[in-house]
Amino acid sequence: MPKVVVAFHSGYGHTKLIAEHVVKGAASVPGVAASLVNIAELPGPNADRSYPVQWNELHAADAIIFGCPTYMGDVSWQMKKFMEDASGIWFTQAWKDKLAAGFANSGGLSGDKLHTLHTLSVFAAQQSMVWVTTGVMPSIYTGDGKNLNRLSSFSGLMTQSGQGAPEASTDPADRLTAEAFGKRVAEAAVRWTKGR
Ligand SMILES: Cc1cc2nc3c(=O)[nH]c(=O)nc-3n(C[C@H](O)[C@H](O)[C@H](O)COP(=O)(O)O)c2cc1C
């Protein structure tokens, strides 16, 4: 059974809500097991460079979707710490050929989220993972009535939130786009693991 893990950080709950919708979309694909890992709760590597058991879910994943808020135009420091903690995995290339994808939530419509996605995709490239894009034409072209991919992102999922409570200050269209994104990665994981 293909395993999709959404590895996220969220300072104030908005990105967490989006992560939950990404997981919902992934889990909607028959035969796929999808789960959430809050990377801020992962202990760092042991002194001998082995990884605590909390990392096992990531090791076992066929696809990992990384997501975090954009803070000061880039990934949150918790995500950066996670990436540096994962440098021992880079040494062995243990995540090579897993699928990867990324999402960024921020306060601005742009807010430099693309930089965050690029940071995540470079991390995935360093791990020799295979990057999956959004694959949804922006609603400004499709007039789909649902406003899917209203922020017109191809490199990864972009969502925007205000300063209120997550449910009230995230856009329903972004939450739907998050589900479509999770579904796309999960479908890719089904195809990817078939050849094994
Ligand atoms: C330290 C800090 C830096 C931020 N920098 C940006 C930024 O560069 N661009 C932007 O659009 N929003 C920025 N914001 C707003 C956050 O992106 C937004 O509140 C966040 O995505 C909410 O997600 P969260 O609840 O998961 O933390 C910043 C917020 C904080 C706290």
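Hydrogens, waters and symmetry mates are skipped; everything else that's a heavy atom, side chains included, is used. Atoms within each ligand, like the ligands themselves, are counted from 1 in listed order.
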A.B. asks: To the closest 0.5 Å, what do you measure between CG (Asp74) and CG (Leu120)?
C.D. replies: 8.5 Å

A.B. asks: Distance check, rounded to the nearest 0.5 Å: Thr134 atom OG1 versus Arg184 atom CZ?
C.D. replies: 6.5 Å

A.B. asks: For atom 9 (N) of ligand 1, find the nearest protein heavy atom and state the residue, atom name and distance (0.1 Å precision).
C.D. replies: Gly111 O, 3.0 Å

A.B. asks: Where does the angle between the aromatic ring planes of Trp55 and Phe82 fall among parallel (under 30°), tilted (30 to 60°) and perpendicular (over 60°)?
C.D. replies: parallel

A.B. asks: Report the nearest protein non-hydrogen atom to atom 25 (O) of ligand 1: residue, atom name, distance rounded to 0.1 Å.
C.D. replies: His14 ND1, 2.6 Å

A.B. asks: Which distance, rounded to the nearest 0.5 Å, do you find between the OG of Ser76 and the NZ of Lys81?
C.D. replies: 12.0 Å

A.B. asks: Would you say the side chain of Lys98 lies within less than 4.5 Å of the side chain of Gln127, judging by non-hydrogen atoms?
C.D. replies: no

A.B. asks: Go through ligand 1 atom by atom and flag the ones less than 4.0 Å from a non-hydrogen atom of Asn105.
C.D. replies: 17 (O), 20 (C), 21 (O), 22 (C), 23 (O)

A.B. asks: Determine, counting only non-hydrogen atoms of the protein, whether one lies under 4.0 angstrom from atom 19 (O) of ligand 1.
C.D. replies: no

A.B. asks: Give yes if a backbone or side-chain nitrogen or oxygen of Lys16 is under 3.5 Å from a nitrogen or oxygen of ligand 1, and no if not.
C.D. replies: no

A.B. asks: Suppose we measure from atom 8 (O) of ligand 1 to each protein heavy atom; which comes out shortest, and what is that distance?
C.D. replies: Gly73 N, 2.9 Å

A.B. asks: What distance do Met158 atom CE and Arg150 atom CZ have between them, rounded to the nearest 0.5 Å?
C.D. replies: 12.0 Å

A.B. asks: Could you walk me through whether Asn149 and Thr177 pass the side-chain hydrogen bond (donor to acceptor under 3.5 Å, both in side chains) check?
C.D. replies: CA-CA 6 Å; Asn149 197 9; Thr177 308; over 6 Å; no

A.B. asks: What atoms in ligand 1 come closer than 4.0 Å to a heavy atom of Ser10?
C.D. replies: 24 (P), 25 (O), 26 (O)

A.B. asks: At what distance, to the nearest 0.5 angstrom, does CG of Asn147 lie from OG of Ser139?
C.D. replies: 3.5 Å

A.B. asks: Where the closest heavy atom to atom 14 (N) of ligand 1 is concerned, which of Thr170, Asp74, Thr70, Ile18 has it?
C.D. replies: Thr70

A.B. asks: Looking at atom 12 (N) of ligand 1, what's its closest protein heavy atom, distance included?
C.D. replies: Gly107 N, 3.2 Å

A.B. asks: Just to confirm my output: which protein heavy-atom neighbour is closest to atom 5 (N) of ligand 1, and how far is it?
C.D. replies: Met72 N, 2.8 Å

A.B. asks: Just need the protein heavy atom nearest to atom 24 (P) of ligand 1, so name the residue and atom and give the distance.
C.D. replies: Tyr12 N, 3.4 Å

A.B. asks: Just which atoms of ligand 1 are under 4.0 Å from any heavy atom in Gly11?
C.D. replies: 24 (P), 26 (O), 27 (O)

A.B. asks: Are the side chains of Leu17 and Arg175 in contact, using a 4.5 Å heavy-atom criterion?
C.D. replies: yes

A.B. asks: Can you check whether Ser106 has an N/O within less than 3.5 Å of an N/O in ligand 1?
C.D. replies: yes

A.B. asks: Taking only heavy atoms of Gly108 into account, list the atoms of ligand 1 that are under 4.0 Å away from them.
C.D. replies: 10 (C), 11 (O)

A.B. asks: Given side chains that start at C-beta, do those of Thr15 and Phe103 come closer than 4.5 Å, heavy atoms only?
C.D. replies: yes

A.B. asks: Specify the protein heavy atom at minimum distance from atom 29 (C) of ligand 1: its residue, its atom name, and the distance to 0.1 Å.
C.D. replies: Tyr71 CD2, 3.6 Å

A.B. asks: Starting from atom 23 (O) of ligand 1, find the nearest protein heavy-atom neighbour and note its residue, name and distance.
C.D. replies: Thr15 OG1, 3.4 Å

